[in-house]
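Heads up: the structure comes next, in structure tokens.
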Number of protein chains: 2
Amino acid sequence: MDVRTLCLGVLTLGEATGYEIKQVFEGAFAHFHAAGFGSIYPALADLAAEGLVTVTEVEQEGRPDKKIYRITPEGLTRFTEALCRTRPRERVRSEFMIQMFFAALLPPARIEDALKIKAGEYREILADLDRREAEAEGEIPPGPRFTLEFGRAVYGAALAHVETRGPALVEALAATAARNDGDPS
Amino acid sequence: MDVRTLCLGVLTLGEATGYEIKQVFEGAFAHFHAAGFGSIYPALADLAAEGLVTVTEVEQEGRPDKKIYRITPEGLTRFTEALCRTRPRERVRSEFMIQMFFAALLPPARIEDALKIKAGEYREILADLDRREAEAEGEIPPGPRFTLEFGRAVYGAALAHVETRGPALVEALAATAARNDGDPS
DNA sequence: CGTTTCATGTAAGTGGTTACATGATTTC
DNA sequence: GAAATCATGTAACCACTTACATGAAACG
């Protein structure tokens with residue numbers, strides 16, 4: 001599903017500016033779809049041109065005019081159709097996993113660092129998820145709640161794996177490195 | 001990290017044809033980086049032109065000539081550098097999560113189906129991971145082992161979440177739908 | 001008799017990233 | 001005084017996807 005359709009989706013939750021839509025991508029959507037201004041703004045212009053959203057310009061002092069977007073009934077229909085039609089694929093692109101896969105090519109200390117940093121990142125993501133849930137205080141609808149808790153489950157498992165299996169990986173790599181040093185056939 | 005660099009990485013494991021590299025993407029790399037022939041073949045041509053890999057053409061009966069690629073010392077250096085330099089990002093794009101997030105817009109039965117199908121997919125992935133580990137019988141090096149078990153941990157958590165929280169999601173959606181039917185303000 | 005396996009590629013299209021351009025206000 | 005927040009956009013570039021093109025052999 002492209003950013004254009006996804007912007008339409010965000011607007012089903014209520015009116016928003018491009019800037020605010022970006023914040024949804026960084027917040028609620030953070031762990032399943034990223035998007036930058038470079039794709040959001042053209043997408044909104046596109047949707048407006050097609051009549052799937054309306055725009056209201058609001059003048060502001062010392063800032064560019066704010067453009068508030070609202071979804072039209074046709075836009076809602078289109079989004080619902082797209083949502084229904086889209087088959088639920090899941091694509092991951094992880095440079096971290098690539099580094100771990102080819103860990104033997106890098107110094108063990110480098111891998112150890114990468115694991116520590118990644119564990120920290122996972123902890124931050126989990127803290128962020130918790131914070132978002134705490135701030136909403138039970139006002140989270142079932143759909144968003146499911147995705148939030150899915151994120152917690154998955155990142156929790158990822159963190160646990162890095163913490164429990166990481167040391168064994170580093171040890172195994174260090175052992176191999178030592179063998180290669182001590183016994184260079 | 002682009003497919004070009006990743007092909008170089010696969011070739012650090014030993015010589016291979018484009019076809020065989022694709023199989024690595026579908027096997028060991030399956031849960032962290034996909035790639036199709038449309039990006040693999042041009043990437044290999046590129047690498048050969050730059051002298052990072054060598055090509056040996058092998059004639060075959062009833063088939064196109066097989067091209068066996070091997071990494072050069074310069075290729076190995078380049079890959080190691082790229083591996084070290086690349087910061088370990090993780091990007092996910094999940095249409096499944098999008099469907100769940102906007103679940104309220106779809107019929108509860110549709111969501112129930114999607115959850116069942118997804119649970120089946122996760123089970124298949126987990127079975128595949130187990131099968132790969134069983135077939136290798138302890139011959140898996142630490143790096144690949146870490147990624148394989150990471151996949152098991154994460155997909156295991158995803159499956160558990162879908163199975164334990166899925167029913168509650170469907171119930172909540174059905175309740176809301178019933179309320180809207182029975183009490184249309 | 002259909003599908004999967006093996007085996008290579010091209011070319012058009014798309015969708016998104018990154019960098020650039022602008023700039024006041026507020027917070028640390 | 002620096003960084004973050006609010007606020008919009010453009011344009012070049014890049015990487016990847018998808019569809020097309022070819023075709024024999026083996027498996028079920």
Side-chain angles (χ1 to χ4, degrees), chain A residues 1-10 15-27 29 32-50 53 55-69 82 86-87 89-95 98, chain B residues 1-10 15-27 29 32-50 53 55-69 82 86-87 89-95 98:
Chain A
M1 189 175 288
D2 57 25
V3 174
R4 199 178 147 279
T5 310
L6 232 32
C7 285
L8 208 50
V10 174
E15 58 175 43
T17 65
Y19 191 85
E20 287 164 347
I21 289 172
K22 175 82 194 298
Q23 290 178 320
V24 174
F25 278 97
E26 279 166 355
F29 288 9
F32 55 89
H33 203 302
F37 287 126
S39 35
I40 292 170
Y41 285 124
L44 288 168
D46 234 49
L47 291 168
E50 275 197 72
V53 301
V55 201
T56 312
E57 274 182 73
V58 179
E59 283 178 55
Q60 296 194 131
E61 307 139 38
R63 271 176 213 187
D65 291 358
K66 191 195 278 195
K67 288 187 179 176
I68 299 171
Y69 292 90
T86 302
R87 50 172 200 178
R89 282 194 299 178
E90 289 185 292
R91 280 158 297 173
V92 179
R93 190 146 298 188
S94 167
E95 269 89 24
I98 292 166
Chain B
M1 191 176 288
D2 57 25
V3 174
R4 198 177 146 281
T5 310
L6 233 31
C7 285
L8 207 51
V10 174
E15 59 175 44
T17 64
Y19 191 84
E20 287 164 346
I21 289 172
K22 175 82 194 297
Q23 290 178 321
V24 174
F25 277 98
E26 279 166 356
F29 289 8
F32 55 87
H33 203 302
F37 286 125
S39 35
I40 293 170
Y41 285 124
L44 288 169
D46 233 50
L47 292 168
E50 274 197 74
V53 301
V55 202
T56 311
E57 273 182 73
V58 179
E59 282 177 56
Q60 295 195 130
E61 308 139 38
R63 272 176 211 185
D65 292 357
K66 191 196 279 193
K67 288 187 179 176
I68 298 171
Y69 292 90
T86 302
R87 51 172 199 177
R89 281 194 298 179
E90 289 184 295
R91 279 158 297 173
V92 179
R93 189 147 300 187
S94 168
E95 269 89 26
I98 293 166

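Proteins come first, then strands; the chains are lettered A, B, ... in the order of their sequence lines, and each starts at number 1.
Candidate nucleotides D/dT8, C/dT8, D/dA15 were compared by shortest atom distance to the side chain of B/Asp2, and D/dA15 ranks first. Picking from C/dG16, C/dT10, D/dC6 the nucleotide with the shortest atom distance to the side chain of A/Val3 gives C/dG16. Minimum atom distance to the side chain of B/Lys67 is reached by C/dG9, of the listed D/dT18, C/dG9, D/dT8. Among the nucleotides D/dT8, C/dT8, D/dA15, the one closest to the side chain of A/Phe37 is D/dT8. The A/Ser39 side chain lies nearest to C/dT17 when the options are D/dA7, C/dT17, C/dT10. Considering only the side chain of A/Thr17, D/dT8 comes nearest among D/dT8, C/dT5, C/dG15. Out of C/dT8, D/dT5, C/dT10, the shortest distance to the side chain of A/Tyr19 is found at D/dT5.
Across all strands shown, A/Gly18 has heavy atoms under 4.0 Å from sugar-phosphate atoms exclusively, and none from any base. A/Gln23 comes within 4.0 angstrom of sugar-phosphate atoms only, judged by non-hydrogen atoms across all strands, and of no base. Heavy atoms of B/Gly36 sit under 4.0 angstrom from primed sugar atoms or phosphate atoms, though from no base atom. Backbone-only engagement by A/Tyr69 is indicated by non-hydrogen atom pairs under 4.0 Å involving sugar-phosphate atoms exclusively. The residue B/Gln60 sits close only to the backbone: its heavy atoms come under 4.0 Å of sugar-phosphate atoms, none of a base. Contact annotation for A/Arg93: backbone-only contact, meaning every heavy-atom pair under 4.0 Å involves sugar-phosphate atoms and none involves a base.
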Item checked: B/Leu6 vs B/Phe29, side chain to side chain contact (heavy atoms under 4.5 Å, CB included): CA-CA, chis, key distance, verdict -> CA-CA 10 Å; B/Leu6 233 31; B/Phe29 289 8; 4.1 Å; yes
Margin query: Run the side chain to side chain contact (heavy atoms under 4.5 Å, CB included) test on A/Ile40 and A/Phe25 for me, step by step, so that the C-alpha distance in whole Å, both residues' side-chain angles and the decisive distance to 0.1 Å come before the verdict.
Written below: CA-CA 10 Å; A/Ile40 292 170; A/Phe25 278 97; 3.9 Å; yes
Check: How far apart are the C-alpha atoms of A/Glu20 and A/Ile68, what are their side-chain angles, what is the distance that settles it, and do they pass the side chain to side chain contact (heavy atoms under 4.5 Å, CB included) test?
Finding: CA-CA 10 Å; A/Glu20 287 164 347; A/Ile68 299 171; over 6 Å; no
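Rounded to an integer number of Å, the gap from A/Arg87 CZ to D/dT17 P is 13 Å. Protein atom CD1 of A/Ile40 is 16 Å distant from nucleotide atom P of C/dG15, rounded to whole Å. Atom NZ in A/Lys66 sits roughly 17 Å away from atom C1' in D/dG9 (whole-Å rounding). The interatomic distance linking A/Arg91 (CZ) with D/dA15 (C1') rounds to 14 Å, in whole Å. As a whole-Å value, the separation of A/Lys22 NZ from C/dT18 C1' is 12 Å. The distance from atom CD of A/Glu26 to atom P of D/dA7 is 14 Å, rounded to the nearest whole Å. In this structure, B/Glu61 places its CD atom 14 Å from C1' of D/dA26, rounding to the nearest Å. The nearest whole Å value for the distance from the CD1 atom in A/Ile21 to the P atom in D/dG9 is 11 Å.
Between A/Thr5 and A/Ala82, the closest heavy-atom pair is CG2-CB, 3.8 Å. B/Gly36 approaches B/Lys22 most closely through the heavy-atom pair CA-CE, 4.0 Å. The shortest heavy-atom contact between A/Thr86 and B/Glu95 is CG2-CG, 3.2 Å.
DNA chain C is contacted by both A/His33 and B/Glu20; B/Glu20 maps to the nucleotide lying nearer its 5′ end (nearest heavy atom per residue). Heavy-atom nearest nucleotides on DNA chain C were determined for B/Arg89 and for B/Asp65, and the one closer to the 5' end corresponds to B/Asp65.
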